[in-house]
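In what follows, every chain begins at residue 1, and chains take the letters A, B, ... in the order their sequences are listed. Predicted model, so just to flag it, every value in this text is computed and none were measured.
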Amino acid sequence: MNKPSIPQGTRDFNAATIYKRNYIFNTIRQAFQLYGFEPLETPAFENIDTLMGKYGEEGDKLIFKILNNGLDNPNKHLEVTAAFQKILEGKPNKTITERALRYDLTIPFARYVAMNHGQLTFPFKRYQMQPVWRADRPQKGRYREFYQCDADIVGSTTLMNEVELAHLYAHVFNMLNLPVTIKMNNRKILAALADICGGAEKLTAITVAIDKLDKVGIDKVKEELQQRLLTESQIETIADFLKIKGTNEEKLQALTQSIGNHSLGKEGIADLQFILHHQDPTNPLPLEIDVTLARGLNYYTGTIFEVKATDYNMGSIGGGGRYDNLTELFGVPNMPGVGISFGVDRIYDVMEGLDLFPKQLVKGTDVLFFNLGPEESNRAFSLLQNLRAQNISGELYHETAKLDKQFKYAEKKGIAVVVIIGSKELANNNCTVKHLATGQQNTIPQSELVNYLATFESGL
RNA sequence: GAGAGCGUAGCUCAGUUGGUUAGAGCGACAGUUUGUGGCACUGUAGGUCGUGGGUUCGAGACCCAUCGUUCUCCCCA
């Protein structure tokens, strides 16, 4: 028999990991609710049409497709064979696959809004915390199954939404004690730049190239732009644009000089300004204008966000932005929205790497009753049930065994208190309660155990 | 989609230019006179060296293939 294994890019989570993950989930969920978002859950898989074509060509390749059932039906043999031929040509079709695993939470949300816009109260603010799946090559900080936590606002164009989301980002990372930079840019600025440099159709080419600036340097970016058939003067304009540095205010000024005469550029700059000016100047958010920030998902139209941990080498741990026409893809126009996403798995990796998790997250069972014989354990069991009725968690050692063995079990499981009922205690109707961390122990009447532990527990 | 590294005990890893019966630490289990844990000591179990082929008198080591895994690029959270 083969050794058991799990699929590439997936993980099992043990108790200690889950406690820590839940710490992150709970922090994010509380913040979402604090800011007035309501929960939504959507299916793990969607109709393949819902997902395909929404994430660009690369994205389509990374969608996990689900094979249809019944392909082995002899009556459909010819049809299936022909359909499979199309798959080999790179064209998925419904004979072979008509469902696919969720790739992110934004598109399923847009699909939900399009289906239910008649019943929803706008602006609709929803949060969603569910796993997504990508057929990517796993590596550091990259998994094939991972959680996203999204908050989106649809049905409203006001920039106050962006302001709220920027504060929400800052709030969560502040609660997690995780230092971050929230990078911000605006697609209108990039669109204006593209327009000035040879036309809107060059937008994707330009954004892909300048997004690489901090990785490959200015010369390589120029090279790539040359290959993408931009003229010398256009490339120089872009190079000047990329030289924009300094504080956010300085960047805004430089941007105004560079593309401020262009109507779209002017709008983009004003948007950034609005967000930056709506914060407490005595306690500013870690916002940073980054003119090279582009983000791949092609449905963004306005503000774009990306969060990076400042003290740890990891890709972005959050991202988002404004999209004006997302539900139009599903036949419902005029539904502008803006949203952000938290990458829980990467946040976990960063916090683990920086040792930022609080120490007391792991809390095992409260009490272990020792098992020192049939009658003794019988008495212990009824006392245990009394404790459970008072919401004090406990267990009885599963069999009669030597004391040191039972002590070791309690220790390994992080149990704080053991209750010993042996022949002496049984005869005297009392019990010995020992606190493992301090080694202190008291012998008390069995009837007082619940109260004793209740006051003890509240002191923890 | 492109490239690189690594697969030896449950875990982390040694293993010399190819040379007898493949080792350590941790963990597990048992014991150190059966009512007090962590420490220490003693002992036990656990490996067809990822898999298949090849080179060789001889392969854990060298070669090829294959599977798994980690990392980088692409892209992304």
Side-chain angles (χ1 to χ4, degrees), chain A residues 2-11 14 24 28 55-63 90 102-106 129-150 169 180 204 207-209 211-212 215-216 220 224 293-298 305-309 313-320 339-350 368 370-373 376 397 400-427 431-441 443:
Chain A
N2 290 332
K3 282 185 182 173
S5 64
I6 56 174
Q8 192 179 32
T10 65
R11 296 146 301 155
N14 63 19
I24 300 173
I28 295 173
Y55 308 105
E57 233 175 277
E58 287 295 314
D60 280 356
K61 286 183 192 164
L62 299 180
I63 293 172
R102 178 169 62 215
Y103 178 89
D104 72 354
L105 302 179
T106 307
M129 306 171 59
Q130 290 189 277
V132 302
W133 294 269
R134 296 185 187 178
D136 218 337
R137 209 61 177 265
Q139 55 188 276
K140 188 183 175 193
R142 171 170 304 186
Y143 306 100
R144 292 185 136 185
E145 177 183 61
F146 61 96
Y147 266 79
Q148 291 195 331
C149 300
D150 280 26
Y169 256 148
V180 297
T204 311
T207 54
V208 168
D211 197 33
K212 294 176 186 165
K215 269 185 188 168
V216 300
K220 290 272 178 189
E224 180 158 348
L293 179 64
R295 295 193 56 73
L297 294 172
N298 45 20
F305 293 112
E306 193 163 289
V307 184
K308 293 207 74 172
N313 180 27
M314 175 67 76
S316 59
I317 57 178
I340 56 171
S341 181
F342 292 84
V344 169
D345 301 80
R346 284 187 177 175
I347 293 171
Y348 180 97
D349 289 346
V350 172
L368 175 72
F370 276 16
N371 184 331
L372 297 170
E376 291 89 338
Y397 194 76
T400 303
K402 294 215 265 183
L403 285 186
D404 70 326
K405 196 167 179 179
Q406 304 195 43
F407 267 118
K408 278 176 184 165
Y409 176 83
E411 222 185 316
K412 274 181 198 160
K413 289 198 65 174
I415 295 171
V417 174
V418 299
V419 177
I420 301 170
I421 298 176
S423 51
K424 280 185 255 166
E425 287 87 352
L426 191 65
C431 55
T432 300
V433 182
K434 180 162 184 172
H435 185 235
L436 260 71
T438 62
Q440 286 180 340
Q441 69 180 49
T443 300

Same-atom distance ([atom1]) from [N] to [M], integer angstrom:
N: B/rU44; M: B/rG25; atom1: P; result: 13 Å
N: B/rU20; M: B/rC39; atom1: P; result: 38 Å
N: B/rU21; M: B/rG60; atom1: P; result: 10 Å
N: B/rG7; M: B/rC49; atom1: C1'; result: 10 Å

Anything under 30° is parallel, anything over 60° is perpendicular, the rest tilted; go ahead and classify A/Tyr55 against A/Tyr103.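 Tilted.
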Is there any protein nitrogen or oxygen under 3.5 Å from a nitrogen or oxygen in nucleotides 68-72 of chain B, and what are the pairs?
residue: B/rC71; atom: OP2; partner: A/Lys140; partner atom: N; Å: 3.3
residue: B/rU72; atom: OP2; partner: A/Gln139; partner atom: OE1; Å: 2.9
residue: B/rU72; atom: OP2; partner: A/Lys140; partner atom: N; Å: 3.4

Do the non-hydrogen side-chain atoms of A/Trp133 and A/Phe146 ever get within less than 4.5 Å of each other?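 Heavy-atom side-chain distance check fails, nothing below 4.5 Å.
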Does the side chain of A/Tyr143 come within less than 4.5 Å of A/Asp349's, by heavy atoms?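 In short, these two side chains touch, coming nearer than 4.5 Å.
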Just the atom pairs and distances: protein N or O near nucleotides 6-10 of chain B's N or O, under 3.5 Å.
none

So which one's nearest nucleotide on RNA chain B is more toward 5', A/Lys61 or A/Glu58?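 That would be A/Lys61.
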Atom [atom1] of [X] to atom [atom2] of [N]: distance rounded to whole Å?
X: A/Arg134; N: B/rG1; atom1: CZ; atom2: P; value: 17 Å
X: A/Glu57; N: B/rC75; atom1: CD; atom2: C1'; value: 13 Å
X: A/Ile347; N: B/rA77; atom1: CD1; atom2: C1'; value: 9 Å
X: A/Ile63; N: B/rG1; atom1: CD1; atom2: C1'; value: 16 Å
X: A/Met129; N: B/rA77; atom1: CE; atom2: P; value: 17 Å
X: A/Arg144; N: B/rC75; atom1: CZ; atom2: P; value: 19 Å

Quick one: what's the B/S/- string for nucleotides 35-45 of chain B, heavy-atom cutoff under 4.0 Å, read 5' to 3'? BBBB-------
How many angstroms lie between atom CE of A/Met129 and atom CG of A/Leu105, to the nearest 0.5 angstrom?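 Spacing of CE (A/Met129) from CG (A/Leu105) equals 10.0 Å.
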I would like to know whether A/Arg295 and A/Thr207 meet side-chain contact (heavy atoms from CB on, under 4.5 Å); could you show each step before the answer? CA-CA 8 Å; A/Arg295 295 193 56 73; A/Thr207 54; over 6 Å; no
Could you verify whether a donor N or O on one side chain and an acceptor N or O on the other, from A/Glu425 and A/Thr432, lie under 3.5 Å apart?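 Side-chain D/A pair, A/Glu425 to A/Thr432: present.
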Return all side-chain donor-acceptor pairs below 3.5 angstrom for residues 340-348 of chain A, not counting sequence neighbours, or 'none' if the list is empty.
residue: A/Ser341; atom: OG; partner: A/Asp150; partner atom: OD1; Å: 2.7
residue: A/Asp345; atom: OD1; partner: A/Tyr147; partner atom: N; Å: 2.7
residue: A/Asp345; atom: OD2; partner: A/Arg11; partner atom: NH1; Å: 3.3
residue: A/Asp345; atom: OD2; partner: A/Arg11; partner atom: NH2; Å: 2.7
residue: A/Asp345; atom: OD2; partner: A/Arg21; partner atom: NH1; Å: 3.0
residue: A/Arg346; atom: NE; partner: A/Gly141; partner atom: O; Å: 2.6
residue: A/Arg346; atom: NH1; partner: A/Ser316; partner atom: O; Å: 3.0
residue: A/Arg346; atom: NH2; partner: A/Gly141; partner atom: O; Å: 3.2

With the criterion being N/O to N/O and under 3.5 Å, what pairs connect the protein with nucleotides 27-30 of chain B, and how long is each?
residue: B/rA28; atom: OP1; partner: A/Lys412; partner atom: NZ; Å: 2.5
residue: B/rA30; atom: OP1; partner: A/Lys405; partner atom: NZ; Å: 2.9

Would you write the dot-bracket representation of RNA chain B, where each base gets (, ), [, ], | or . depending on whether it forms a Watson-Crick or G-U pair under 3.5 Å and with which partner? (((((((..((((.....[...)))).(((((.......))))).....(((((..]....))))))))))))....
Can A/Phe342 be said to stack with the base of B/rA77, given centres closer than 5.5 angstrom and planes under 30 degrees apart?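 No, aromatic ring not over the base.
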